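What you see is a predicted model, and the numbers here were worked out from it, not measured in a lab. Within every chain, numbering begins at 1; the chains are lettered A, B, ... in the order of the sequence lines, protein sequences first and strands thereafter.
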Number of protein chains: 2
Amino acid sequence: MAILQIGAGGVGWVIAHKAAQNNDVFGDITIASRTVSKCDAIIASIKGRNNLKDESRKLESRAVNADDVEALVALIKDVQPDLVINAGPPWVNVAIMEACYQAKVSYLDTSVAVDLCSEGQEVPEAYDPQWAFREKFEQAGITGILGAGFDPGVVSVFAAYAVKHLFDEIDTIDVMDVNAGDHGKKFATNFDPETNMLEIQGDSFYWENDEWKKVPCHTRMMEFDFPLVGSHKVYSMAHDEVRSMKEFIPAKRIEFWMGFGDAYLNYFNCMRDIGLLSPNPITLQDGTVVEPLKVLKALLPDPTSLAPGYTGKTCIATWVQGNKDGKARSVLIYNNADHEVAYKDVEHQAIAYTTGVPAITAALLYFKGAWKGEGVFNMEQLDPDPFLELMPSIGLDWGVEELTPSEPVINILK
Amino acid sequence: MAILQIGAGGVGWVIAHKAAQNNDVFGDITIASRTVSKCDAIIASIKGRNNLKDESRKLESRAVNADDVEALVALIKDVQPDLVINAGPPWVNVAIMEACYQAKVSYLDTSVAVDLCSEGQEVPEAYDPQWAFREKFEQAGITGILGAGFDPGVVSVFAAYAVKHLFDEIDTIDVMDVNAGDHGKKFATNFDPETNMLEIQGDSFYWENDEWKKVPCHTRMMEFDFPLVGSHKVYSMAHDEVRSMKEFIPAKRIEFWMGFGDAYLNYFNCMRDIGLLSPNPITLQDGTVVEPLKVLKALLPDPTSLAPGYTGKTCIATWVQGNKDGKARSVLIYNNADHEVAYKDVEHQAIAYTTGVPAITAALLYFKGAWKGEGVFNMEQLDPDPFLELMPSIGLDWGVEELTPSEPVINILK
């Protein structure tokens, strides 16, 4: 058996550690990236942490340009993996899916291909380029598992669990993501600053009463009392899983909310006001042309550098309200992850950890045959029970809290 | 008669307009800059505003690199001016003074050569490179007038006026500069963003009890009730005139204060925290090397573009406390300038206006023989009376307010 991981950023870091901890199932592991030294740093970390369970299996690095379908096909044919795990940035998803189709190897990723915030790219069309592979994957007899991180990913498994076990009818699904950790920097992003800032400044999309609603960023806010981390402000934001849940789980309203502290938003607003969050090139006085967002990226700490010393916890939850046995019901299904625990396990912080652990949980289910099928699948479409049974042993537990049913208090800002 | 103006930024814009309004005294006017198109834009504005008083005199543009002493000498010899007015950035002062010495032509500028905020360059040494020309200028039989803007400049004339007419003994001199205008932008600087941001983030220097005190920026704050514009927070800051006043006016404490609104300081702090205010080069992911501060400069509005529609007033004042006839005395000598009035007069805002009008007032006194002398002079050294008599007719009036003597309430922050 063998797997091929493409991508060696923060999420790739955690996926590789977790794959190594389970290489008695996965077999040989190859990590490929445009920058081989990033793969080698991960391999050194895995060995330093003694995370390679079966030391007789291979753990190797390779160079690949993930935009180049031909190069990807050649790499896949050479490595001969049973599964390609895409841990790269979202914009390489389509190229890697095409390569998997041509090489007839199954595929798994952790976020949607479409940059939700670019002009003309919006949540309603988010999965179109990847869902277009459904027939091809069926034809090729391979499996594609899409969005197998935490959000997207586990939050949809939580919703599928609610459908299967907790509700007869669902009114609202609110996915909420709060990081109550402290990295000790005045301002930093927990993953790639460019992706992060594009995501945050885009319009929000939510599904309500059979139609898409679009509102400017940070104009819908709730305050919510989360398990362990307490009360936080969360803001409506465009996110992959709103699109896939809308497809597979009937509900009156489906919305994603991200927690932002007041200090974080102040930095964000200042940077946006002066134009630093723009991806559009500007010309300096000496003629140099730069994209402001890439300058910001170079100024901010490398997200990987935040992990040592990161303290506190995250909470990511799916809040479902509806009816069961003729009575109103309100349930929070959630996980708390701890930055320090994540660091001890895989030398990274909890944001990357909560994305990497579910990807490996899903990959294990694929290898064990519990999740199988020819075609392309989002997480809501698959049986939640084996996933939620397995995930705690991979590193993330989960809980269910019964709440008093209530209309969410949504504050409209500006 | 003729003058040669070097520099075509915001201050140069106002100086050229005011020179043109007085070209019956100055004669031919040549405006030189590295970028001739900037000179031509000023000339077009002067003609559009009908500001060329004597239309028979020349008004011309020339190209020159103000760092290049040889090129400057050649230009001066070609133009044959009676006075060179340096309206360029401070770092060209020494080159232009050297060229004036070689060509034996008098010199006037509006701010000190030394970047007060660079490593190893500090207020106590601020004027050293320019004061080093004293003997050379005496030898050559020419006059150098230094720092003939408002601050530095008129605020020192105010102090000299206090010495001459209002006090027997001076305890404290606080120079305070507040812009209560509104340019309608969320964040912008009123002059070159690079110079402005370097100035603001530097340590403050003040003179107290016969020694220099150095404190981090924005750590000494007063709230002061200004004529017309009301109460404002002002912060201790390194500024040229503290150095020259210390040289020529005995006082127990001499300090410069700049007004900053809370919103402005919030932007400043955010930008500083993320590293955007640094002049030190960084390398982007694609290998491009940029200075963050130059990126900020390219992002922010061109200060010149702020002038149309700029409303409100500035107040710049010298607050002097001491004794007269055995009694404590406290006096505020001040100017209010109006952005809209400045725009109607010369198509620019009041910040540049308050620097350009004093420069032309001083130049007129030189031409009229009221301010003369061989050597190099700061504004405190010259007779304040003819200057304060002339300045209102050039565009800026001034007033004296008697205050109740009181210990200034200085808040120590952080």
Please name the pair of heavy atoms, one in L299(B) and one in G275(A), separated by the smallest distance, quoted to 0.1 Å. CD2-O, 3.6 Å

Residue selection (most heavy-atom pairs with chain A, distance under 4.5 Å) from K297(B), K294(B), E291(B): K297(B)

Can you tell which part of K185(A) gets under 4.5 Å to a heavy atom of chain B, answering side chain, backbone, both or neither? neither

Measuring heavy-atom distances to chain B, does V295(A) have an atom under 4.5 Å in its side chain, in its backbone, in both, or in neither? both

Honestly, the part of D286(A) sitting under 4.5 Å from a heavy atom of chain B is neither

Contacting region of S278(B) [heavy-atom separation from chain A under 4.5 Å]: neither

Quick check: do F187(A) and D273(B) have side-chain heavy atoms less than 4.5 Å from each other? no

Under 4.5 Å from any heavy atom of chain B - which part of I282(A): side chain

Does a side-chain heavy-atom distance below 4.5 Å link I274(A) with L276(B)? yes

Report the distance from atom CG of N266(A) to atom CG of N269(B), rounding to the nearest 0.5 Å. 9.5 Å

